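Read the numbers this way: they start at 1 and go in the same order the structure lists the ligands and their atoms. Given the structure is predicted, the values throughout are model-derived calculations rather than measurements.
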Amino acid sequence: MAAERIPLRQIKGVSAQKEQELHAFGIHSAMDLLEYYPFRYEDYRIRNLTEVKHGERITIQGTVTGVPVLQRYGRTKSRLTCKVTVDQWLVTCVWFNRQFLKDQLTTGRELIVTGKWDQGRMHLTVTDSEFADKESGRTGTLQPVYSVGGSITQKWIRKTIAQALVQYGAMIEEVLPGVLLDRHSLMPRREAIMRIHHPEDSEEGRAARKRLVYEELFLFQLKLHAFRSVNRERQDGVAHVIDNGTVLELAQSLPFELTDAQKKVINEIVHDMRQPYSMNRLLQGDVGSGKTVVAAIALYAAVKSGYQGALMVPTEILAEQHTRSLQRLFEPFGLQVDALTGGMKERKRRDVLAGLQMGVIDILIGTHALIQDGVDFRELGLVVIDEQHRFGVNQRSILRRKGMQPDVLTMTATPIPRTLAITAFGDMDISTIRERPKGRKPIKTYWVKHEMMDRILGFIRREVAAGRQAYVICPLIEESEKLDVQNAIDLHIQMQQAFPDLRVDLLHGRMTAAEKEQTMTAYSAGETHVLVSTTVIEVGVDVPNASLMIIMDAERFGLSQLHQLRGRVGRSDHQSYCVLVADPKSETGQERMKVMTETDDGFEVARRDLDLRGPGDFFGTKQSGLPEFRLADMVSDYGVLETARDDASELVSRADFWEAPQFARLRERLQQDQILESERLD
Ligand code: ADP
Ligand code: MG
């Protein structure tokens with residue numbers, strides 16, 4: 001029987017109750033227990049007193065020399081002291097609440113003690129002690145420290161894992177092929193698992209960890225690559241027929257020339273669309289880098305090749321905006337573009353659904369309403385998901401299932417640091433736009449205190465006088481939408497009083513869809529000078545004439561949100577500005593403001609954000625899709641991750657990967673994870 005299937009109860013010392021408790025740690029079999037790795041070691045190696053420092057935690061060995069003295073205080077507390085000779089020194093050992101030791105500390109007995117060293121007084125405050133004449137588990141070693149809790153104590157789990165190693169260690173089998181072990185001089189698996197629990201020295205612990213981290217990351221990457229490869233080979237996606245003329249035709253109708261970066265990603269997308277597998281591509285590009293037009297060209301190509309396209313966006317405001325701009329763009333080409341949103345009239349909705357089913361509608365744009373039941377496409381060939389970080393993985397797959405196997409293009413303006421990209425989105429192909437359209441000037445960003453409101457008002461007036469428009473954002477925190485809306489209403493009144501001669505509008509989430517649309521239309525048309533808004537405009541909104549973004553209480557926003565908001569300006573060649581009105585109390589709050597003033601490059605912002613928050617928080621845990629690793633740390637083990645990815649990719653593309661006996665164990669793993677159907681394996 002493989003160790004994966006050996007029940008915990010077979011390990012000596014594991015009772016039914018302990019077994020239950022181990023389950024809570026995700027430990028279900030003997031193998032799980034062997035793979036429950038320590039996160040650090042405690043050093044019980046015996047030290048020489050000449051080389052220890054004051055305040056260090058040390059282990060020393062000596063002979064009981066004096067008579068132990070016990071002092072009691074309180075009802076249960078006690079202090080036991082005893083002189084011990086260590087080499088030529090006389091050390092005073094102090095135990096708290098260990099009165100039972102008193103009788104065992106007989107003169108001449110050899111003792112090993114661990115504790116905190118007081119150099120000046122030659123005192124050791126003992127945390128662990130044992131007699132050298134008794135059988136000892138710890139002495140002279142690095143002891144593993146596991147994460148424990150409940151009735152599972154450190155001592156118990158150490159003993160139990162050591163026991164499991166004795167009983168089942170020999171059954172640990174290698175999973176990595178020899179070529180990879182050789183290439184990276186990795187320890188065999190059995191040895192690595194033995195040693196990570198009980199290393200001779202820190203060097204050995206590190207080597208064992210290195211091997212196991214590599215294994216973990218490699219198997220993870222292998223899954224992603226195998227999945228992609230299998231998906232490609234299945235060839236059950238749509239092979240769009242697209243000629244280059246089609247793409248050029250639309251590109252030439254644009255009022256601007258595409259940037260090289262846009263051309264590059266369009267090529268990547270079109271190449272995928274032509275293939276018989278279903279595309280699964282992530283397009284990342286900073287705010288304002290021009291992703292919409294890339295999506296438009298892909299949608300156009302899909303329609304020209306005889307299919308329908310869908311564009312899913314996170315907000316109704318964005319759905320309206322995209323619908324307007326795509327209708328304008330596709331009008332001369334006779335394409336039918338329609339929207340489906342939550343707030344739509346029933347009759348209109350029925351018309352749209354019918355048009356969709358009959359294939360009269362070529363492109364449908366909408367919020368999550370797009371994926372409700374009853375929305376049926378005639379022949380869906382491409383799905384574009386804008387501002388992906390707003391959608392759950394689940395919604396994506398539902399939409400995907402609506403068509404046969406449509407191509408999927410996911411777009412995000414939250415640049416994903418490479419570390420995360422190859423883990424969270426490792427199953428996707430990634431296209432990146434790193435350049436902004438020509439003529440764009442960096443957005444000047446300032447951080448000011450509330451006292452400077454008068455100057456901010458002066459700033460708004462100046463920009464408006466120059467023909468530009470401004471946004472003033474106030475925070476919206478989910479839990480108290482009502483209060484925040486009131487906030488926005490108050491701010492709106494304040495702004496109206498400050499600018500009696502200008503048109504100042506208000507936008508917030510409690511307005512009806514029609515009201516929102518009206519407000520946005522007026523702002524887009526340049527009729528409104530100042531728009532006071534909550535974060536409903538956070539993503540995607542595109543009004544190129546707006547040049548001033550003022551964010552009130554900016555300390556209440558995260559970095560990526562601030563960057564998104566700032567991205568509402570700087571969308572034309574006018575110099576744009578962002579003013580953060582904030583008085584952050586915390587250090588990271590101040591750091592966020594600093595980052596914003598120092599850079600307007602979204603990739604850099606994301607990198608700094610990752611530094612400040614750590615990868616787990618980066619996307620918010622729920623949607624992150626980030627895998628949990630036992631050992632690997634995505635930041636510090638990044639180099640290994642890259643190596644593992646390259647190895648996995650190389651292996652999967654080898655002709656003999658699917659057959660050669662040396663890879664049988666890996667194929668078995670893929671089968672267990674249902675990435676391979678069983679018939680693939682002979
Ligand atoms: P985002 O990537 O944030 O979605 P958009 O697609 O909304 O950016 O584009 C931002 C603005 O830049 C839009 O007004 C768009 O028309 C314009 N734009 C896109 N590509 C170019 C280009 N190559 N040259 C000039 N302007 C462009
Ligand atoms: Mg956009």
Counting C-beta onward and ignoring hydrogens, is there a side-chain heavy-atom pair between [X] and [Y] closer than 4.5 Å?
{"X": "Thr445", "Y": "Arg566", "answer": "yes"}
{"X": "Thr246", "Y": "Tyr300", "answer": "yes"}
{"X": "Leu326", "Y": "Leu335", "answer": "no"}
{"X": "Glu642", "Y": "Gln221", "answer": "no"}

Inset, instruction - Output yes when Arg607 and Asp611 qualify as a salt bridge under the 4.0 Å nitrogen-oxygen rule, no when they do not. - result: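 Between Asp611 and Arg607 there is a salt bridge, with a charged N closer than 4.0 Å to a carboxylate O.
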Legend entry - ligand 1 contact by Ala413, heavy-atom criterion under 4.0 angstrom: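 Under 4.0 Å: no for Ala413.
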Inset, instruction - May I ask whether Gly285 has any heavy atom positioned less than 4.0 angstrom from an atom of ligand 1? - result: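 The answer is no: ligand 1 sits nowhere under 4.0 Å from a heavy atom of Gly285.
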Checking [X] side chain against [Y] main chain: does a donor-acceptor pair fall under 3.5 Å?
{"X": "Lys291", "Y": "Gly285", "answer": "yes"}
{"X": "Gln308", "Y": "Glu379", "answer": "yes"}
{"X": "Glu555", "Y": "Asp583", "answer": "yes"}
{"X": "Gln262", "Y": "Gly290", "answer": "yes"}

Inset, instruction - Answer yes or no: does an N/O atom from Pro544 fall short of 3.5 Å to an N/O atom of ligand 1? - result: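 No - when backbone and side-chain N and O of Pro544 are compared with those of ligand 1, no distance drops under 3.5 Å.
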Inset, instruction - Could you say whether the N/O atoms of Val287 and ligand 1 ever approach to under 3.5 Å? - result: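 N/O-N/O distance below 3.5 Å does not exist for this pair.
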In the protein, which heavy atom is nearest to [atom], and how far is it?
{"atom": "atom 20 (N) of ligand 1", "result": "Gln262 NE2, 3.0 Å"}
{"atom": "atom 7 (O) of ligand 1", "result": "Arg571 NH1, 2.9 Å"}
{"atom": "atom 6 (O) of ligand 1", "result": "Thr292 OG1, 2.7 Å"}
{"atom": "atom 16 (O) of ligand 1", "result": "Phe256 CE2, 3.5 Å"}

Inset, instruction - Could you tell me which atoms of ligand 1, counted from 1 in the order shown, lie closer than 4.0 angstrom to a heavy atom of Glu257? - result: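 Atoms satisfying the 4.0 Å criterion: 22 (C), 23 (N), 24 (N).
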Legend entry - Atoms of ligand 1, numbered as shown, that sit under 4.0 Å from any heavy atom of Thr259: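 Listed by number with element, the hits are 23 (N).
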Legend entry - Nearest neighbour of atom 26 (N) of ligand 1 from the list Lys438, Lys291, Arg440, on a heavy-atom basis: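 Looking at heavy atoms only, Arg440 sits closest to atom 26 (N) of ligand 1.
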Inset, instruction - Pick whichever of Gly288, Ser325, Pro255, Ala261 has a heavy atom sitting closest to atom 3 (O) of ligand 1. - result: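 Residue with the shortest heavy-atom distance to the ligand atom: Gly288.
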Please classify the [X] to ligand 1 contact at 4.0 Å (heavy-atom distances, strictly less than): side chain, backbone, both or neither.
{"X": "His322", "answer": "neither"}
{"X": "Leu258", "answer": "backbone"}
{"X": "Ser289", "answer": "both"}

Legend entry - Near-ring test Phe377/Tyr307, centroid separation under 6.0 angstrom: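 No, ring centres 6.0 Å or more apart.
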